[in-house]
Novice: 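The structure follows.
Residue numbers start from 1 in every chain, and the chains themselves are labelled A, B, ... in the order their sequence lines are given, proteins ahead of strands.
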Amino acid sequence: MRLSRYYIPTLKEDPADAEVVSHKLLMRAGMIRKLTSGIYNYLPLGLRSINKVAAIVREEMDRAGALEVLLPTVQPADLWQETGRWDYYGKELLRFKDRHDRDYCLGPTHEEVMTDLVRGEVKSYKQLPLNLYQVQTKFRDEIRPRFGLMRGREFIMKDAYSFDKDEAGAEQSYWNMFEAYKKAFSRIGLRFKPVQADSGAIGGDFSHEFMVLAETGEDTIASCTACEYAANLEKARVVVPDGPDMTGAECPAMEQVATPGVHTVDEVCAFLAIAPDKLVKTLLFVVDGKPVAALVRGDREVNDAKLRNLVGGNEIALADEALVRRLTNAPVGFAGPAGLDKDVPVYADNELRTATDWVAGANAADAHVRHLSLGRDCAVERYADLRVIEPTDACPECGAPIEFTKGIEVGHVFKLGLKYSAKMEATFLDENGKTQPMVMGCYGIGVSRIVASAIEQNNDGNGCCFPPSIAPFEVCLISLGGKDEAVDAKAEELYEVVKGQGVDAAFDDRKERPGVKFAEADLIGYPMQLVLGGKGMQSGIVEAKDRKTGEKTELPLDGFAEAFAAWRKDIWSKWGLAL
RNA sequence: CGGGGCGUGGCGCAGACCGGUAGCGCGCCUGCUUUGGGAGCAGGAUGCCGGGGGUUCAAAUCCCUUCGCCCCGACCA
């Protein structure tokens with residue numbers, strides 16, 4: 001592509017509304033422009049990268065046996081009502097009505113539509129397994145879109161859905177996709193890690209997220225320093241070290257103490273001069289409309305995903321102030337397990353079995369209790385792993401220390417089981433002529449987010465350093481001809497040679513000063529730069545620069561084709577990528 | 001949804017407290033010079049100062065209202 005006829009509106013300064021480096025650089029390199037909050041125009045350069053990511057993803061999907069389709073973005077409400085998600089999905093689902101007053105939404109994901117498509121046509125076990133995917137624009141009305149392409153409201157996603165005749169098949173489909181994802185992300189050139197994840201609003205049996213390791217990531221990963229264990233913070237299991245069960249152990253009688261105006265853990269600890277690990281923190285939640293209480297030690301935090309899964313609910317939220325007052329007869333800050341409204345089931349974290357004689361809220365204004373014994377002074381429905389893992393906890397698999405890292409979720413695979421097929425009656429006849437629900441899985445990749453993630457992982461003070469696999473152009477050939485037409489003519493020849501090798505090349509033939517060309521090439525982040533100037537012409541060489549490392553080499557004009565091919569191969573291999 | 005900040009040429013900003021009819025840098029256009037790391041000189045174009053309403057002789061500036069964008073938070077008892 002000749003840059004003299006291309007459209008790359010670069011910016012010298014960071015845009016005022018960009019915070020993270022990928023957002024700034026995507027804007028500055030002329031790859032995207034914001035239309036409105038969380039919604040972006042993809043410019044020629046940005047679209048090229050997105051298309052390259054999508055092409056790799058498609059190849060790996062096809063190789064894994066998935067078939068590409070394209071489903072609508074506009075979806076009718078009745079499908080969502082069938083699965084119940086019209087009510088459960090919440091405000092992220094953008095809803096609207098057509099002229100006949102019928103309800104619709106913009107698709108944030110496509111389980112319903114895909115299941116509907118398949119249930120209409122697939123009737124026999126002979127047609128299974130089936131895996132259909134698409135690369136498509138999704139819309140999620142995020143509470144707070146931010147960070148450019150990292151968390152947009154409208155974004156490009158690859159989503160695949162597998163349908164199997166039984167559990168074993170579904171599991172095979174799941175791991176098949178898992179492997180395809182690893183291949184795709186490797187080929188894209190990302191440093192990533194698959195981690196165990198909670199399945200959230202999509203639901204299902206188990207799932208993994210593929211995390212790109214980057215400081216700006218919004219997710220936290222707990223990973224073992226010794227074994228392979230890695231999990232999203234909200235999923236990571238906490239194993240309480242072995243020790244005696246202190247439930248019901250000897251403990252003085254419970255007594256109430258006045259704690260006027262003291263409601264937070266810190267305040268209670270200061271007031272009673274105790275450490276926070278002597279206190280039971282009681283949080284009231286509402287799970288699918290029903291109140292539940294969760295107990296953790298004062299220095300711990302409740303993991304609401306774990307609580308929701310334990311209770312078996314879909315939606316979880318902290319109780320609002322009015323409900324807290326009703327259940328505890330006190331303002332927020334004095335809830336405790338003893339004397340709580342009888343209809344509220346109490347779930348306690350495993351760790352609370354390792355000690356007794358607790359301090360807790362008294363369910364009365366300005367009062368707490370001391371010498372609380374769980375089981376003696378209140379009923380506990382169940383002990384379970386309820387808290388958020390902390391850096392001081394041990395690996396739940398092997399007991400070695402764990403470490404926390406930040407990650408960007410670029411892919412997510414779910415084993416759904418019967419969640420959608422049962423509700424939507426996606427059934428087939430098995431070998432015995434019996435009607436069975438299909439066993440499903442679903443698999444997403446954030447295509448546009450990957451472009452942002454790649455920049456987060458690969459940039460420097462001068463701009464982007466794209467991996468060659470997804471750079472908008474793999475090579476930029478810069479001609480410093482100026483008035484010397486012979487240089488431009490020679491550069492033109494080289495451009496033809498490079499193109500002739502099937503390389504995606506940009507040819508900077510613009511009448512710009514050298515400084516401008518260099519600065520923009522660095523900003524855009526072409527992995528390879530070739531520079532031909534008057535001096536090079538004289539001595540018969542082209543300068544070749546590796547954008548990522550800054551390393552410069554000289555390629556001979558005589559025998560350029562071979563020299564370039566070898567150098568290019570070298571660059572790819574430095575990225576750990578095969579040509 | 002709560003709190004904070006910001007909307008002034010394409011981009012980044014000043015001007016606002018203290019009302020007097022808009023300015024700087026970059027970019028853009030023309031010409032000359034320059035040509036190995038975002039050039040220099042000269043000339044030039046581009047603003048319903050986010051929208052609406054009000055106060056005033058006079059509003060980018062003060063008041064009310066509305067829309068948009070960004071950041072933080074969204075209750076850990």
Novice: Over how many whole Å does the gap from A:Y7 atom OH to B:G27 atom C1' extend?
Specialist: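 Going from OH in A:Y7 over to C1' in B:G27 covers 13 Å.
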Novice: By the 4.0 Å heavy-atom rule, please label A:K552 as base, sugar-phosphate, or nothing.
Specialist: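 A:K552: base contact, heavy atoms under 4.0 Å.
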Novice: Rounded to whole angstrom units, what separation is found between the CD1 atom of A:I39 and the P atom of B:C70?
Specialist: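 It works out to 10 Å between those atoms.
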Novice: Partner of B:G2 by Watson-Crick or G-U wobble geometry, both contacts under 3.5 Å, or none?
Specialist: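 Checking every strand shown, B:G2 finds its partner in B:C72, with both distances under 3.5 Å.
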Novice: Once you apply a heavy-atom cut-off of 4.0 Å, does A:R144 come out as touching a base, just sugar-phosphate, or nothing?
Specialist: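 Base, at least one base heavy atom under 4.0 Å.
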Novice: Go through residues 335-367 of chain A and report each residue with a non-hydrogen atom lying under 4.0 Å from RNA chain B, sorted by number.
Specialist: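 Of all residues in residues 335-367 of chain A, the ones placing a heavy atom under 4.0 Å from RNA chain B are A:A335.
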Novice: Applying a 4.0 Å non-hydrogen cut-off, can you work out what A:T36 is touching in the nucleic acid: base, sugar-phosphate, or nothing?
Specialist: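 If one applies the 4.0 Å heavy-atom cut-off, A:T36 turns out to touch the sugar-phosphate alone, with no base involved.
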Novice: If you check every side-chain atom of A:R513, which of B:A77, B:G36, B:A39 has the closest atom?
Specialist: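 So the nucleotide nearest the side chain must be B:A39.
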Novice: Taking the six-membered ring for Trp, is the centroid-to-centroid distance between A:Y347 and A:F285 below 6.0 Å?
Specialist: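 Centroid distance A:Y347-A:F285: not below 6.0 Å, so no.
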Novice: For A:E485, does the CD atom have more than 12 heavy-atom neighbours from other residues, nucleotides or ligands under 6.0 Å away?
Specialist: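 Atom CD in A:E485 is not packed in, count stays at 12 or less.
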Novice: Applying side chain to side chain contact (heavy atoms under 4.5 Å, CB included), can you list everything that pairs with A:A360, at least two apart in sequence or on another chain?
Specialist: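 So A:A360 forms a side chain to side chain contact (heavy atoms under 4.5 Å, CB included) with A:V280, A:P337, A:V369, A:L372.
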Novice: With both distances under 3.5 Å as the test, what is the Watson-Crick or G-U wobble partner of B:U56?
Specialist: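 Looking at the geometry, B:U56 pairs with no nucleotide.
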Novice: Suppose we define a pair by two distances each less than 3.5 Å, Watson-Crick or G-U wobble; what does B:G43 pair with here?
Specialist: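 Here B:G43 is engaged in a pair, and the nucleotide opposite it is B:C29.
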Novice: For a quick check, tell me whether the side chain of A:E543 and the base of B:G36 share a donor-acceptor pair closer than 3.5 Å.
Specialist: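 Answer is yes: a donor-acceptor pair is held.
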Novice: Give the nucleotide from the list B:C75, B:C71, B:A77 with an atom nearest to the side chain of A:F147.
Specialist: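 Of B:C75, B:C71, B:A77, B:C71 is nearest to the side chain of A:F147.
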Novice: Nearest to the side chain of A:D17 - B:C76, B:C70, B:G38?
Specialist: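 Taking heavy atoms from C-beta onward, the closest nucleotide is B:C70.
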Novice: Ignoring hydrogens and angles, are the base of B:G12 and the side chain of A:D14 linked by a donor-acceptor pair under 3.5 Å?
Specialist: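 Such a pair does not exist between side chain and base.
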Novice: Apply side-chain contact (heavy atoms from CB on, under 4.5 Å) to A:L26 and A:I455, showing your working.
Specialist: CA-CA 8 Å; A:L26 281 162; A:I455 295 174; 3.6 Å; yes
Novice: From B:U34, B:A39, B:C71, pick the nucleotide closest to the side chain of A:K483?
Specialist: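 Looking only at heavy atoms from C-beta outward on A:K483, the closest nucleotide is B:U34.
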Novice: Assign A:R28 to base, sugar-phosphate, or nothing according to its heavy-atom contacts below 4.0 angstrom with the strands shown.
Specialist: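 The answer is base, as A:R28 lies within the cut-off (heavy atoms under 4.0 Å) of a base atom.
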Novice: Take atom NZ of A:K574 as the centre, draw a 6.0 Å sphere, and report whether it contains more than 12 heavy atoms from other residues, nucleotides or ligands.
Specialist: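 Atom NZ in A:K574 is packed in, count exceeds 12.
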Novice: Considering all heavy atoms of both residues, which atom of A:K278 and which atom of A:I274 are nearest to each other, and what is their separation?
Specialist: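 Nearest heavy atoms, A:K278 then A:I274: CB-CD1, 4.3 Å.
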Novice: Could you check how far CZ of A:R153 sits from C1' of B:C70, rounded to whole Å?
Specialist: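 In whole Å, B:C70 C1' and A:R153 CZ are 14 Å from each other.
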Novice: Of the candidate nucleotides B:C71, B:C76, B:C1, which contains the atom at the shortest distance from the side chain of A:L318?
Specialist: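 Of the candidates, B:C76 comes closest.
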Novice: Under 4.0 angstrom, heavy atoms only, what part of the nucleic acid is A:K34 near: base, sugar-phosphate, or nothing?
Specialist: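 Here A:K34 touches the backbone only, sparing every base.
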Novice: Under 4.0 angstrom, heavy atoms only, what part of the nucleic acid is A:G533 near: base, sugar-phosphate, or nothing?
Specialist: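 A:G533: base contact, heavy atoms under 4.0 Å.
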Novice: Nearest nucleotide by nearest heavy atom, which residue falls closer to the 5' end of RNA chain B, A:V324 or A:G38?
Specialist: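 Whichever sits nearer the 5' end wins; that is A:G38.
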Novice: In terms of side-chain heavy atoms of A:D522, which of B:G12, B:G38, B:G37 is nearest?
Specialist: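 The nucleotide sitting nearest to the side chain is B:G37.
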Novice: Indicate, with a heavy-atom threshold strictly under 4.0 Å, whether A:T282 touches base, sugar-phosphate, or nothing.
Specialist: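 Counting heavy atoms under 4.0 Å across all strands, the contact made by A:T282 includes a base.
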Novice: Starting at CD of A:E19 and ending at P of B:G5, how long is that distance when rounded to a whole Å?
Specialist: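 Taking CD of A:E19 and P of B:G5, I get 16 Å after rounding.
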Novice: I need the minimum non-hydrogen distance between A:E390 and A:E301, along with the two atoms involved.
Specialist: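 Closest pair (atom of A:E390, atom of A:E301, distance): OE2-N, 4.4 Å.
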Novice: Tell which nucleotide pairs with B:G7, taking only Watson-Crick or G-U wobble pairs whose two distances are both under 3.5 angstrom.
Specialist: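 Result: B:C67.
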Novice: For the side chain of A:I143, counting heavy atoms from C-beta on, which of B:C71, B:C1, B:G12 is nearest?
Specialist: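 So the nucleotide nearest the side chain must be B:C1.
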Novice: What is the distance from CD of A:E267 to P of B:C76, rounded to the nearest Å?
Specialist: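 Atom-to-atom, A:E267 to B:C76, this comes out as 11 Å.
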Novice: Taking the same atom, P, in B:C1 and in B:A39, what whole-Å distance lies between them?
Specialist: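 Between the two P atoms, the distance is 47 Å.
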Novice: Mind checking whether A:H263 and A:F271 have ring centres under 6.0 Å apart?
Specialist: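 No, the ring centres sit 6.0 Å or more apart.
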Novice: Over 60° means perpendicular and under 30° means parallel, so classify the ring planes of A:F473 and A:Y526, tilted if in between.
Specialist: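 Because their plane-to-plane angle lies in the 30° to 60° range, the rings of A:Y526 and A:F473 count as tilted.
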Novice: Please tell me which of the listed nucleotides, B:G36, B:C11, B:C72, lies nearest to the side chain of A:L11?
Specialist: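 Given the options B:G36, B:C11, B:C72, the side chain of A:L11 is closest to B:C11.
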Novice: Counting only Watson-Crick or G-U wobble pairs whose two distances fall under 3.5 Å, which nucleotide matches B:C24?
Specialist: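 WC or wobble partner is B:G12.
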Novice: Any strand is fair game: report the nucleotide pairing with B:G37 by Watson-Crick or G-U wobble, both distances under 3.5 Å, or none.
Specialist: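 Here B:G37 is not engaged in any pair, so there is no nucleotide opposite it.
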Novice: Any base atoms under 4.0 Å from A:K511, or only sugar-phosphate, or nothing? Heavy atoms, all strands.
Specialist: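 Answer is nothing: A:K511 stays at 4.0 Å or more from every strand.
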Novice: With no hydrogens and no angle check, just 3.5 Å: does a side-chain donor-acceptor pair link A:K406 and A:T220?
Specialist: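 Looking only at side-chain atoms, A:T220 and A:K406 do form a donor-acceptor pair, the distance falling under 3.5 Å.
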Novice: Could you check which of B:G36, B:C71, B:C13 has an atom nearest any side-chain atom of A:K535?
Specialist: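 Among B:G36, B:C71, B:C13, the one nearest the side chain of A:K535 is B:G36.
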Novice: Within the 4.0 Å heavy-atom criterion, would you say A:V296 contacts the bases, only the backbone, or no part of the nucleic acid?
Specialist: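 A:V296: no heavy atom of the nucleic acid under 4.0 Å.
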Novice: Tell me: CG of A:L386 to P of B:C76, nearest whole Å?
Specialist: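 Rounded to whole Å, this separation is 18 Å.
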